[in-house]
Amino acid sequence: MLVIFSGCSGVGKNTIINKLISENDSYGIMPTYTTRDRRPGEEDGVPYYFLTDEQFEEKIAEGEFYEYERVHNHYYGTSRKLLADSVASGKTLMKDIDVNGAINLSNILKDDVKIVPLFLYVESADILVERLTGRGEKDIELRLKRYEHEMSKIRMYSYIINNSSLENTKILADELIKFEKRNGKLLSAVSKENISEEKINETVALYEKGEYPEPIKVSVCDGKFVITEGVERYIASLRCGKTIAKDLVLASEITVTYEIDDSSSEGKMKKKLYKSNKDKMIDGVCAGIGEYFDIDPTLVRLGCVALAIFGGSGVLAYIIAAIVIPRRPENE
Ligand code: 5GP
C-alpha cells in the first residue's frame, strides 16, 4: 500500500511521514528523485536522491519515471525501480507528491498497488508562511504561488485532514492506514429515514457535469469512521463510482446509526449499466435483422423469444404472426 501525502509546501507532510515511520517498523518511505539542493541534514533516499538536471533528463529519456513534475523550478519524479524495490520490502509506503503527480500516479498504479491519496491542509496561507519562515525556507513566495493550484485539487482526494495539530494528524493517518488495510466500511451518524433522495440526486447531477462535490465530514473514534455530515454526497459518490473527499476529524465519542452498504449500491449501478448495454445490443441486432428481411424489429424479438421458449411450435406461431402482422410501409 502506498499512502500519498499531498498539500501545500509547509503544511507538514514530511513531519507527519517521518513521525509515523519512526514509530512503526511496518511503515517505510518511498524514495524519489529530485534536482533541488539538498537541505542540511537530508540523507540520500530519505526521501530524495539528488540529481543534476542532466542526470534527471537522462532518466526521463530512459523511461525511468512513472511520473515527474517540475515543482518550484526543480524536477521531482517517481522512479519505477525505486518504487519496485520499496514495494518488495512489504512495508506500507509513504511519500509526499504534488497534486499533479499524485493524480497521475493514482491512475497509473491503481491496478498494481493500493493507493491511498491523502491531502493535508491548513486554514489559511498565513500559517504556511509562518511554518516556511520557521524552517528557514528561501523560496517562500515561489512556494506560495502554488497554494491556489494545490488547494483547487483538494476535492479529488479520497481523504483530507486539517493539519492543525501534529499529534491528531498522526493518529488520524495511522487509523486511516488500518482502516484501509482492513477495507473498512464507513458508518453513518444520520439515520436511514433522514437521508434525502433529492440531495443525493443533486450531487449525482454535479458529478455528471464533471464537478466534485464539497468534502464530507467523517469522525474517527475507536477505529470507527462515521459520516457526520454529507451522507447523501457519499451515497451519490458510490452511485457514480467517483471520489468524494472525506475530511477526517478525531472524536472522543460518536453515535453510529448504521453501516452504509457501499458494495450493494455500487453493484446496483453496475447491474443497471450492464442491463442497459445488453438491451441496446439486442435492440441493435433485432433492428439489423428486421432491416434485412423487412420485418418489424419487435417481431424479430418476439420470434427469438418464441423459438427459445417453445422450439418448433414457437417458430410456426412466429411465421403465422409474420404473415398476419402487416409489413412496414415502403417509405417509413
Ligand atoms: P520539497 O522540495 O519541499 O521536498 O517538495 C516540493 C514539492 O515536490 C512537494 O509538493 C512534493 O509533494 C513534491 N514532490 C516530491 N516528490 C515528488 C515526486 O516524486 N513527484 C511529484 N510529482 N512531486 C513530488
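Position 1 is the first residue of the sequence; numbering continues from there. Counting starts at 1 for both ligands and their atoms, in listed order.
- Between Ile97 and Glu67 there is a side-chain heavy-atom pair separated by less than 4.5 Å.
- Asp96 OD2, 3.1 Å is the protein heavy atom nearest to atom 11 (C) of ligand 1.
- A distance of 6.0 Å or more separates the ring centres of Tyr68 and Tyr33.
- Some N or O of Arg36 is nearer than 3.5 Å to an N or O of ligand 1, by distance alone.
- In this comparison of Tyr75, Tyr48, Tyr66, Tyr76, the heavy atom closest to atom 2 (O) of ligand 1 sits on Tyr76.
- For ligand 1, the atoms sitting less than 4.0 Å from at least one non-hydrogen atom of Glu69 are 22 (N), numbered in the order shown with element in parentheses.
- The protein non-hydrogen atom at the shortest distance from atom 22 (N) of ligand 1 is Asp98 OD1, 2.7 Å.
- Inspection of the Asn100 and His149 side chains reveals an N or O donor paired with an N or O acceptor under 3.5 Å.
- At least one heavy atom of Arg39 sits closer than 4.0 Å to an atom of ligand 1.
- For ligand 1 and Gly77, the ligand atoms under 4.0 Å from any heavy atom of the residue are 18 (C), 19 (O).
- Side-chain atoms of Thr257 come within 3.5 Å of backbone atoms of Ser188 as a donor-acceptor pair (strictly under, hydrogens ignored).
- Considering every non-hydrogen atom in both Phe5 and Ile16, the closest pair reads CE2-CG2, 3.9 Å.
- For the residue pair Asp174 and Tyr27, a side-chain donor N or O sits within less than 3.5 Å of a side-chain acceptor on the partner.
- Between Glu150 and Arg146 there is a salt bridge, with a side-chain nitrogen of the basic residue lying less than 4.0 Å from a carboxylate oxygen of the acidic one.
- Protein heavy atom in closest approach to atom 20 (N) of ligand 1: Glu67 OE2, 2.8 Å.
- Every atom of ligand 1 is numbered from 1 in the order shown, and the set under 4.0 Å from a heavy atom of Thr32 is 16 (N), 19 (O).
- The side chain to side chain donor-acceptor pair (under 3.5 Å) test with Tyr75 is passed by exactly one of Glu57, Glu69, Lys59, Gln55: Glu57.
- Side-chain contact between Leu105 and Leu2 is present, with at least one heavy-atom pair separated by less than 4.5 Å.
- Using a 4.0 Å heavy-atom cutoff, Phe5 is absent from the residues neighbouring ligand 1.
- At least one heavy atom of Lys95 sits less than 4.0 Å from an atom of ligand 1.
- The shortest heavy-atom distance from Arg146 to ligand 1 is not under 4.0 Å.
- Looking at atom 10 (O) of ligand 1, its nearest protein heavy atom turns out to be Lys13 NZ, 3.4 Å.
- Atoms of ligand 1 lying under 4.0 Å from at least one heavy atom of Val71, given by number and element, are 7 (C).
- Looking at atom 3 (O) of ligand 1, its nearest protein heavy atom turns out to be Arg143 NH1, 2.9 Å.
- A salt bridge links Glu23 with Lys19: the closest approach of a Lys/Arg side-chain nitrogen to an acidic carboxylate oxygen falls below 4.0 angstrom.
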